K.L.:
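What follows is a single structure, and I will ask about it in a moment.
A quick note: this is a predicted structure, and the numbers were derived from the prediction, not measured. Proteins come first, then strands; the chains are lettered A, B, ... in the order of their sequence lines, and each starts at number 1.
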Protein chains: 2
Amino acid sequence: MSVNIYDVAKRAGLSVVTVSRVLNNSPKVRDYNRQKVLKAMAELDYKPNAAARNLAKGDTGMIGLVLPAVDDPFISQVLFAVERAVRERGMFLVTAFAASDEELSHANPGRMFLENRVDGILILSPIISEEYILELKKNRFPFVLLDQHHSAVQAPSVTVDNFYGGYQATASLIAGGVKRIAHISGSTIYESSVQRLEGYKQALRDYGLHIDEELIAAGNFSVESGYKAMMGWIELGKIPEAVFAADDNTAFGVMDAASKHKIAIPTELALIGYDDHPFGSMLHPALSTVRQPTAALGKQGVDLLLNVLAGKIKRAVTITLKPEVVLRETTRAINRPSCDPNYSVS
Amino acid sequence: MSVNIYDVAKRAGLSVVTVSRVLNNSPKVRDYNRQKVLKAMAELDYKPNAAARNLAKGDTGMIGLVLPAVDDPFISQVLFAVERAVRERGMFLVTAFAASDEELSHANPGRMFLENRVDGILILSPIISEEYILELKKNRFPFVLLDQHHSAVQAPSVTVDNFYGGYQATASLIAGGVKRIAHISGSTIYESSVQRLEGYKQALRDYGLHIDEELIAAGNFSVESGYKAMMGWIELGKIPEAVFAADDNTAFGVMDAASKHKIAIPTELALIGYDDHPFGSMLHPALSTVRQPTAALGKQGVDLLLNVLAGKIKRAVTITLKPEVVLRETTRAINRPSCDPNYSVS
DNA sequence: TCCGTCAATTAAAGCGTTTTAATTTAAAAG
DNA sequence: CTTTTAAATTAAAACGCTTTAATTGACGGA
């Protein structure tokens, strides 16, 4: 049916091993013969059979990525970075989305390693169950955790320092000369939310500012939660001078509420988000934010997994990356006149 | 090293074929024996080797998806739908993102079929080159086009009726009692943009409205392009009564500009976008839009490809799906008082 | 009791590669 | 010109499963 390595060998007048060597660009093939093989391949339109190669070599050349099925720029960016890194290493990416934790633990990712479909998996889902991770460990299936601290279980992982991000975001607000700084948190089931909140608190403490629990609202990484929190403060007549939102979505909600009540940003209200959502830079005023190293997260995650696969990793190493504050127009920078008309809104 | 089918057979006291039959749940295994096999598998923690199965069966159990690496809800939603459909059919999804057309044509997707990594591929990228498609056809590699009309090349595809969407969006604006309706198009290199524009024009014609070329702005599916277009009309003193934006991003830009100039939506300016971006429903006012059947697109795409793989498809069929107008607060519906204070902005 | 039939099982070949070990060829050294 | 060494090639086994064809076994009818 389809042309195989024997057909190529016959056409080239050489043995299959020579053909195989060319396929795996082994150095021990005379250049003259290599050309003959290449020519035969081209003439026959030969395509190596991946299954056969995998079987013989004992690996799959594929990496699995488990991630939540949510349309979020952070997730997307990491996904792109992982795919690119995997591709650049000559491998392929198999994606397994999980709508729920339940689905995640049992359906696809399970099959992915139960059927030996991939050489190893990366797990981006923040709500992966400990049980699932333990199962992977028990089965000695290679994996790396992305952006999650699983304190209970030792596992190789690449994370982003959310405490640092929260601290820096708050500090950059403080640097604008503002004192009553509110925070709208993300869902507290995520460790990242908790860390950002802690960073916020620590910054306030370090700069001698009061921590007002009434200015800490519980959000859930949604536009709506930001809108509601801000509306709550407005209705209470307790409008903060600045808001550190747990993510940009939340910040967009704050902007929406502020715009509705003619609260000028950043003169009356300074604002900073988190995640560097692409929309942020297009709004007027443009949203200050904390940019996560998504590209590095993806790339280093893949590298770490590859090292695990190569057996180069002894213990459960954790790589921690630092996010970066991006100041745009919703914050008042130190050197920026706070009443510059360019920064007033509508 | 790892436990294989022979180990299971030995443990169960049966032959490998019986074990294989159980694996493929063939009916011709006595239930008593099936239990023995299952028990042995569990005891030995047996995991079938996918490569070996693929080699023996002649397929890979994998579907490839080629798509652009852009963070866009439409893309994400189709991706989720495809992954789910693929998973539900017991297969796996291999994703290949392409940052550019160049990268798309030559790098990953090429390898995907050159190495027989997948049984077939779905192509979501709107800017796939004709050359690439022809190469797939020439190689008789099974594929299905998603959301793209490739008039030049006959190929099985699932598309969404953008003309219809543009027409309905415009018609819904007209139904609100508005006459001077502007349009901000998407990049005209996309057939979808052209179709939406044509639908818009046809609606104007059908309702006896004048087509004013000055009210047709060239956008590119970005917040910025919407902002600029709207600002352009404002500066020209030629503010339309309504805008049909080629996508929600563009509409967000329009809202931003309107808010900056205290133009009330929908009383002074009615607005409708396209794509049903999750943000749209969270804004105040909530954005009216055209929802694309992303779930159906993904699912039917997979089904069509599977039919192609099964050899059930004779000619290059094209399935066309219809989008759906979602009216929220930025449009004035017929039965809705156009001056209701709830709909005025800031 | 024997034979035929059907169902269930087994033996063996094959899927397309890689890889180890053995062999041939070429080149260099004596 | 022979021998030694290295380089390149070849033969054959292995990877783990599926599948075709052959075999065994059980059962009922004559």
K.L.:
Between B/Asn25 (CG) and D/dC17 (P), how many Å, whole number?
P.N.:
16 Å
K.L.:
Looking for any heavy atom pair under 4.0 Å, which part of the strands does A/Val29 touch: base, sugar-phosphate only, or nothing?
P.N.:
sugar-phosphate
K.L.:
If you check the A/Ala56 side chain, which of C/dT10, D/dG16, D/dC15 turns out closest?
P.N.:
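Output: D/dC15.
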K.L.:
More than 12 non-hydrogen atoms from neighbouring residues, nucleotides or ligands closer than 6.0 Å to NZ on B/Lys322, yes or no?
P.N.:
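Yes, because the 6.0 Å sphere around NZ of B/Lys322 holds more than 12 heavy atoms from other groups.
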K.L.:
Would you mind telling me which of C/dT18, D/dC17, C/dT10 lies closest to the side-chain atoms of B/Leu14?
P.N.:
C/dT10
K.L.:
Nearest 0.5 Å, please: how far is CD1 in B/Ile313 from CG in B/Leu304?
P.N.:
5.0 Å
K.L.:
Any side-chain N or O of B/Ser20 below 4.0 angstrom from OP1/OP2 of D/dC17?
P.N.:
no
K.L.:
Rounded off to whole Å, could you give me the CG-to-P distance for the A/Asn54 and C/dC15 pair?
P.N.:
18 Å
K.L.:
For the pair made of CG in A/Asn49 and P in C/dC15, what is the distance, rounded to whole Å?
P.N.:
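For the pair A/Asn49 CG and C/dC15 P, the rounded distance is 11 Å.
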K.L.:
Looking at C/dG16, D/dG16, C/dA26, which one has an atom nearest to any side-chain atom of B/Asn4?
P.N.:
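Among the listed nucleotides, the one closest to the side chain of B/Asn4 is D/dG16.
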K.L.:
Just wondering, more than 12 heavy atoms not from B/Lys137 lying within 6.0 Å of its NZ?
P.N.:
yes
K.L.:
Whole-Å distance between C/dT17 P and A/Ile5 CD1?
P.N.:
5 Å
K.L.:
Nearest whole angstrom, please: distance from the C1' of C/dT17 to the CE of A/Met41.
P.N.:
12 Å
K.L.:
Please identify which of these residues, B/Asp119, B/Asn116, B/Asn54, meets the side-chain hydrogen bond (donor to acceptor under 3.5 Å, both in side chains) condition with B/Thr60.
P.N.:
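Filter result, single survivor: B/Asp119.
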K.L.:
Report which part of the nucleic acid A/Asn24 touches: base, sugar-phosphate, or nothing (heavy-atom distance under 4.0 Å, all strands).
P.N.:
sugar-phosphate
K.L.:
Could you give the CZ-to-C1' distance, from A/Arg34 to D/dA8, as a whole number of Å?
P.N.:
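Those two atoms, CZ and C1', are 12 Å apart.
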K.L.:
Given C/dA11, C/dG16, D/dT18, which nucleotide is nearest the side-chain atoms of B/Val17?
P.N.:
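Between C/dA11, C/dG16, D/dT18, the one nearest the side chain of B/Val17 would be C/dA11.
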K.L.:
CE of A/Met62 to CE of B/Met62: how many Å apart, nearest 0.5 Å?
P.N.:
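Taking CE in A/Met62 and CE in B/Met62, the distance rounds to 4.5 Å.
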K.L.:
Any side-chain heavy-atom pair from B/Asn24 and B/Lys57 closer than 4.5 angstrom?
P.N.:
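A side-chain contact under 4.5 Å exists here.
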K.L.:
Does B/Lys57 or B/Val16 map to a spot on DNA chain C nearer the 5' end, using the closest nucleotide for each?
P.N.:
B/Val16
K.L.:
What nucleotide, of D/dC17, D/dT10, D/dT20, holds the atom closest to the side chain of B/Pro48?
P.N.:
D/dC17
K.L.:
Please determine if a side-chain N or O atom of A/Arg53 lies less than 4.0 Å away from the OP1 or OP2 oxygen of C/dT18.
P.N.:
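Answer is yes, contact under 4.0 Å.
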K.L.:
Roughly, in whole Å, what's the span from CG in B/Leu44 to P in D/dG16?
P.N.:
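To the nearest whole Å, that distance equals 14 Å.
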K.L.:
Quick one: B/Tyr32 OH to D/dA26 P, roughly how many Å, whole number?
P.N.:
14 Å
K.L.:
Counting side-chain heavy atoms from CB outward, which of C/dT18, D/dT10, C/dT17 is closest to A/Tyr6?
P.N.:
C/dT17
K.L.:
Tell me which nucleotide among C/dT17, C/dC15, D/dA8 gets nearest to the side chain of B/Leu55.
P.N.:
C/dC15
K.L.:
Would one find a side-chain N or O of B/Thr18 under 4.0 angstrom from OP1 or OP2 of C/dA8?
P.N.:
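So the side-chain polar atoms of B/Thr18 never come under 4.0 Å of the phosphate oxygens OP1 or OP2 of C/dA8.
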